[in-house]
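Chain letters run A, B, ... following the sequence lines, proteins first, then strands; residues in each count from 1. As the structure is a computational prediction, the values presented were derived from the model and not from experiment.
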Protein chains: 2
Amino acid sequence: MSNNNLIKGSLQTIILKLLEENERMYGYEITQKVKELTAGEIKITEGALYPALHKLEAEGLLSTEIEQVDNRVRKYYSLTKSGKTETATKMSELHAFVENLQRILNPGVEPKLGI
Amino acid sequence: MSNNNLIKGSLQTIILKLLEENERMYGYEITQKVKELTAGEIKITEGALYPALHKLEAEGLLSTEIEQVDNRVRKYYSLTKSGKTETATKMSELHAFVENLQRILNPGVEPKLGI
DNA sequence: AATAAATACCCAATTTTCTTATGTATATAA
DNA sequence: TTATATACATAAGAAAATTGGGTATTTATT
């Protein structure tokens, strides 16, 4: 249930950035990390996450290794070389976008954040 | 040509907020205002703008008045009462979303902007 | 005078990205 | 024993863009 629409297109950047910080993560771990960092306010749904991971892998930005943990399969994702490059690109695009958003929505305030 | 991806979902909020500040605006004026505020970095395409305006009008958030200026038609949009309410709602949702995005992408930095 | 660019509206086909709803399976907590 | 948590996945549909048209007037450029 619910509910966190807004700014479609940021999921890829979120995945890439988390992998930049964590070396390797598996899908479920990513959902939990996002939930934790946002105090439960953003919940990445599996229906969005897994297709996004598969797409990033197909584009050569992520590589995978499957591991068995307690009889359960885990699929770990890591950034490839081009994945690292693309992370930097997407982060700076998102940064620029958020600044522009502030210029539009916060007239008269010069943005000086963040991201 | 080009290139300003990463807006999806924020266009409605942008329209509403600009109308909150300007009392009434017409479509083309909105595209120019956004271009001006972002130094040309964000260009609202007409294919995105007009359907969005029509949808907001159909939802009762905007009202229109058509005027003739130099043999050309202009369609002015204004916020309705419920449009004003919805503007506040969408702004606070976007604010929350951007803060959460910063928590995810800027680990260790407490967000304190803006928007 | 002719042409391009700016102003001003619109729509339709397609694509991207997400939601919603499933499905499978094991481990742990109530 | 039943629900919740862990862990993967897919498919149908909706939402919101992009792309590529179309119409028409006014102003600037060549």
Side-chain angles (χ1 to χ4, degrees), chain A residues 1-16 24-36 40 42-59 61-62 64-77 90 93-94 97 100-101, chain B residues 1-16 24-36 40 42-59 61-62 64-77 90 93-94 97 100-101:
Chain A
M1 243 146 273
S2 81
N3 65 330
N4 33 249
N5 57 32
L6 279 180
I7 312 229
K8 331 220 165 194
S10 56
L11 178 56
Q12 283 194 13
T13 309
I14 289 172
I15 292 170
L16 292 171
R24 69 175 209 165
M25 298 180 87
Y26 54 98
Y28 186 75
E29 189 183 7
I30 292 175
T31 67
Q32 299 308 301
K33 189 70 180 175
V34 169
K35 202 197 286 182
E36 176 203 321
I42 293 186
K43 288 171 192 153
I44 306 291
T45 63
E46 299 178 312
L49 178 68
Y50 290 114
L53 286 170
H54 299 161
K55 192 185 180 211
L56 291 171
E57 188 187 2
E59 286 169 351
L61 305 182
L62 303 184
T64 59
E65 31 187 27
I66 290 172
E67 271 178 41
Q68 199 79 15
V69 179
D70 296 326
N71 278 11
R72 264 195 308 239
V73 170
R74 272 188 198 165
K75 197 162 166 186
Y76 280 96
Y77 289 87
K90 283 209 193 306
E93 283 174 0
L94 186 52
F97 176 73
N100 281 320
L101 210 48
Chain B
M1 252 139 270
S2 78
N3 73 318
N4 35 248
N5 56 33
L6 288 173
I7 294 208
K8 331 213 171 201
S10 55
L11 179 56
Q12 283 193 14
T13 309
I14 288 172
I15 292 170
L16 293 172
R24 69 174 207 164
M25 299 180 86
Y26 55 98
Y28 186 76
E29 189 183 8
I30 293 176
T31 67
Q32 299 309 299
K33 189 69 179 174
V34 168
K35 203 197 285 184
E36 176 203 322
I42 292 186
K43 286 169 192 154
I44 306 290
T45 63
E46 298 178 315
L49 178 68
Y50 290 113
L53 286 170
H54 300 161
K55 192 185 180 209
L56 291 170
E57 187 186 4
E59 287 168 351
L61 305 182
L62 303 183
T64 59
E65 32 187 26
I66 289 172
E67 271 179 39
Q68 199 79 14
V69 180
D70 295 326
N71 278 11
R72 263 193 309 237
V73 171
R74 272 187 198 167
K75 197 162 165 186
Y76 282 96
Y77 289 88
K90 283 210 194 304
E93 283 174 0
L94 186 51
F97 178 75
N100 280 320
L101 210 48

Euclidean distance, atom CG of residue A:Leu11 to atom C1' of C:dT16 [Å, nearest integer] = 12 Å
Atom CD1 of A:Ile30 and atom C1' of D:dA9 are separated, to the nearest Å, by 15 Å
Of D:dA9, C:dT19, D:dA16, the nucleotide closest to the side chain of A:Ala48 is C:dT19
List for me each residue that meets side chain to side chain donor-acceptor pair (under 3.5 Å) alongside A:Arg72, sequence neighbours excluded, and say none if there are none.
-> none
Please state whether the phosphate of D:dA15, meaning OP1 or OP2, lies under 4.0 angstrom from any side-chain nitrogen or oxygen of B:Lys55.
-> no
May I ask you to evaluate whether A:Asn71 reaches the phosphate of C:dA27, defined as a side-chain N or O under 4.0 Å from OP1 or OP2?
-> yes
Under the side chain to side chain donor-acceptor pair (under 3.5 Å) test, which residues partner A:Gln32, sequence neighbours left out?
-> none
Side chain to side chain donor-acceptor pair (under 3.5 Å) with A:Tyr28: which residues, sequence neighbours excluded?
-> none
Whichever of B:Tyr77 and A:Pro51 has the more 5' nearest nucleotide on DNA chain C, that residue is B:Tyr77
Protein-nucleotide distance (B:Leu53, atom CG; C:dC11, atom P), rounded to Å | 11 Å
Taking N or O atoms only and anything under 3.5 Å, show me the protein contacts with nucleotides 4-8 of chain C, one pair per line.
unit_1, atom_1, unit_2, atom_2, d
C:dT7, OP2, B:Tyr28, OH, 2.2
C:dT7, O5', B:Tyr28, OH, 3.0
C:dT7, O2, B:Arg72, NH1, 3.2
C:dA8, OP1, B:Arg74, NE, 3.0
C:dA8, OP1, B:Arg74, NH2, 2.7
C:dA8, OP2, B:Tyr26, OH, 2.6

Nearest-angstrom distance from the residue atom CG of B:Leu49 to C1' of D:dT18 | 14 Å
Applying salt bridge (Lys or Arg N to Asp or Glu O under 4.0 Å) to B:Lys33 and not counting sequence neighbours gives B:Glu36
Expressed in angstrom and rounded to an integer, what is the separation of A:Ile42 atom CD1 from C:dC18 atom P?
-> 12 Å
To the nearest Å, how far apart are A:Gln68 CD and C:dT26 P?
-> 11 Å
In whole angstrom, give the distance that lies between atom CD1 of A:Ile44 and atom P of C:dC18.
-> 8 Å
Is there side-chain contact between A:Gln68 and A:Val73, with heavy atoms separated by less than 4.5 Å?
-> yes
Would you kindly give the NE2-to-P distance between B:His54 and D:dA17, to the nearest whole Å?
-> 14 Å
For B:Glu65, which residues count as a side chain to side chain donor-acceptor pair (under 3.5 Å) partner, sequence neighbours excluded?
-> B:Arg24
All heavy atoms of B:Tyr77 vs all of B:Glu57, minimum pair found to be CE2-OE1, 4.1 Å
